Amino acid sequence: MEGHGSYSQAYRVGQGAGILPFWAFAQSSEGHTVFDSEFERNLFELRRTKLAEIEKLGQAAYPNQFPASHTVPEVREKWSAVSAEELDANRVTVAVAGRIMAIRAQGKAGFATLQQGGQRLQIYVRMDAVGEQGFALYKLLDLGDHIGVTGYLFRTRTGELTVHVERLTFLSKAMLSLPEKYHGLADVELRYRQRYVDLFTNLDSREVFVKRAKVLKAVRQFFDERGYLEVETPMMQQIAGGAAARPFRTHHNALDQDLFLRIAPELYLKRLVVGGLDRVYEINRNFRNEGVSTQHNPEFTMLEFYQAYANYHDLMQITEELMEFVARAVNGTPVTEFYGHTIDLSRWQRLSMREAIRQYWPEEAGPKPALTAFESAEVLRARLHAAIGSLEKAAGLTTQITPERLSELKTIREAVTAVYYDSMKDAPLGKSIYNLFEAVAEPFLIQPTIIYDYPVEVSPLSKAKPDDPAHVERFEFFAGGFELGNAFSELNDPVEQHKRFEQQLSERDRGDDEAHQMDEDYVRALAYGLPPTGGEGIGIDRLTMLLTGSKSIRDVILFPLMRKESTSKDKEPEIS
RNA sequence: GAGCUCGUAGCUCAGUAGGUAGAGCAACGCCCUUUUAAGGCGUGGGUCCUGGGUUCGAAUCCCAGCGAGCUCACCA
């Protein structure tokens, strides 16, 4: 199996490798160890001698299994409502395993709390019940150890459901000390880098990822029930298409060929619709070589789905149904709390992009653009110029404006100014409109909103509106102030598609390195005939953020990308 | 890429007229057979992120670097 390769790799001691063989931990002098301190080194040594003592008691240091009768959550579910009297009358024996998260010894007895599956169960160990050997083992246990216990359920004086242990089985030792038990692991950086610690010390964090799994499951259920086929398309592509973004580059040695990590699966999924897979969806990673922020991780999970014979009106309907369905599956309600906002994913508003600009136009920017302003670059530019002036004037009236609003206005003014200057540099009108929308409206789209009818210039893969060639049948939808997804009636005219790609190439020449590349094979696929098709992409990470009340995308990604951790040893001269 | 803030014991945090560091948890020893942020007595643990500088003296002031968070830019 392929696994062997990575196994030996993980156990090689290499420069800068964070993974070390077990025996390296024992090296107490300098050299490569994961310990920065005497404290951890000493603790590790101490725990090793404890492990040896545990073995002397007849227990395996690293046994291979424990036959539990119940999980901790199962015990809690089954007996949390059962009274002390009933438990005494009908004695229930259970075997459960878990990690010790609290331990309190009291002479010849003691309590400990086992954690498993995100839930906790108290155990009570007394010498006269487990014997001297058993109690000797108990005294060798540390916070973080895994143990299995067999015993009967009872309730303590304070009424807590507890296992009265009759047999104690050692399962695995924590060789390092756990975070502070009351606050847990609070350091954000450590929580991301050492997610394994975060997950068992901060149960809220665990809950986020449980919900994330529910999001994925609900999405699959939704599409499976509607006759979609789940597919997987290439993540290494010769042309990184389907979106506007800078790709990561890589290289295949045997083929001596440069490849891109995909920025979207879109063009492959539509090839599948050409191939007769009328309804397909894919959930997988996209990679974009862009900045990192609370809303952007270089690799992120995207859902894309395509449906033949559907247009963007159908997709709006599906989107609203899907969002409500997923929210209910994850939280039991379409309502989610997101940083002071109550967001109801069963209630959507729909606005055209031009309406949205007018509706969210800040009053400090003067009169909102007339609908006709969106038809002429010159007229729009003049309106922008005036708006910038008004915004500057408003910024001067600091006494009449709250600091928050002032800061918002500053952001808006800077964005509008950027749109204005881009327009001076002959940016296409549609691009200005789109950027203007992002400047004045997007951050304020807290409640679920569909924004439809996008300018053709920013939508190289979408189909034009039959009665309005300047706009395409495309929408994006928003909640919590950020974009969740993007959908459109797919352009299926190969001649038109070829022309759009060429327009993108000229945008590239104008300096836009995120403009789309030419994909001749995709055009050929269209030439075989793509039925009228609607397609949509939804950011799973952002949806999860919304449904878990997480403000940073890193809180919903198990191992977000971090800069390489440098230790003092790394600073010594390197070979390069 | 820019601005702001932060980096002190394994963890959570104190610590400025600049005088070579403290608490709680965790650890170690002893006591305690219904505790639950158990308790009591005692002990150990720190290149104060790194490197320079100012100073008789730097965790503290200055500069540079590294890492992180937030905001912005880019984007989804």
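Quick caveat: nothing in here was measured; it's all calculated off a predicted structure. Chain identifiers are assigned alphabetically (A, B, ...) following the order of the sequence lines, protein sequences preceding nucleic acid strands; residue numbering begins at 1 within each chain. Below, all heavy atoms of this structure are taken into account, side chains as well, without hydrogens, waters or symmetry copies.
Inter-residue side-chain proximity for A/V163 and A/L114 is flagged as unmet; no heavy-atom pair is nearer than 4.5 Å. The closest side-chain heavy-atom distance from A/L87 to A/L161 is below 4.5 Å.
Side-chain proximity of A/L43 to B/A68, B/A27, B/A76: nearest is B/A27. Looking at the side chain of A/F154, the nearest of the listed nucleotides B/C74, B/A27, B/U34 is B/U34. In this structure, of B/G67, B/U12, B/C28, it is B/G67 that holds the atom nearest to the side chain of A/R193. Between B/G10, B/C74, B/U35, one nucleotide has an atom nearer to the side chain of A/R104 than all others, and that is B/U35.
The one candidate from A/F437, A/F444, A/Y360, A/W348 that meets the ring pair (Phe, Tyr, Trp, His ring centres under 6.0 Å) condition with A/F478 is A/F437.
A salt bridge between A/E476 and A/R542 is absent, with no side-chain N of the basic residue lying under 4.0 Å from a carboxylate O of the acidic one.
Using a 4.0 Å heavy-atom criterion, one finds that A/M562 contacts the sugar-phosphate atoms exclusively. Among the protein residues, A/R191 comes within range of no part of the nucleic acid, since none of its heavy atoms lies under 4.0 Å from any strand.
Looking at A/R157, its side chain has no donor and acceptor atom pair within 3.5 Å of the base of B/U34. Between the side chain of A/E160 and the base of B/U34, no donor-acceptor pair under 3.5 Å is found.
The CG-P distance, from A/L484 to B/A76, rounds to 14 Å in whole Å.
Comparing B/G51 with B/G10, their C1' atoms sit 26 Å apart, to the nearest whole Å. Atom name C1', nucleotides B/U54 and B/G67: the rounded distance is 26 Å, in whole Å. One C1' atom belongs to B/A76, the other to B/U50, and the distance between them is 37 Å to the nearest Å. B/G19 and B/G44 have their C1' atoms separated by 26 Å, given to the nearest Å.
Neither OP1 nor OP2 of B/U35 sits under 4.0 Å from any side-chain N or O of A/R126.
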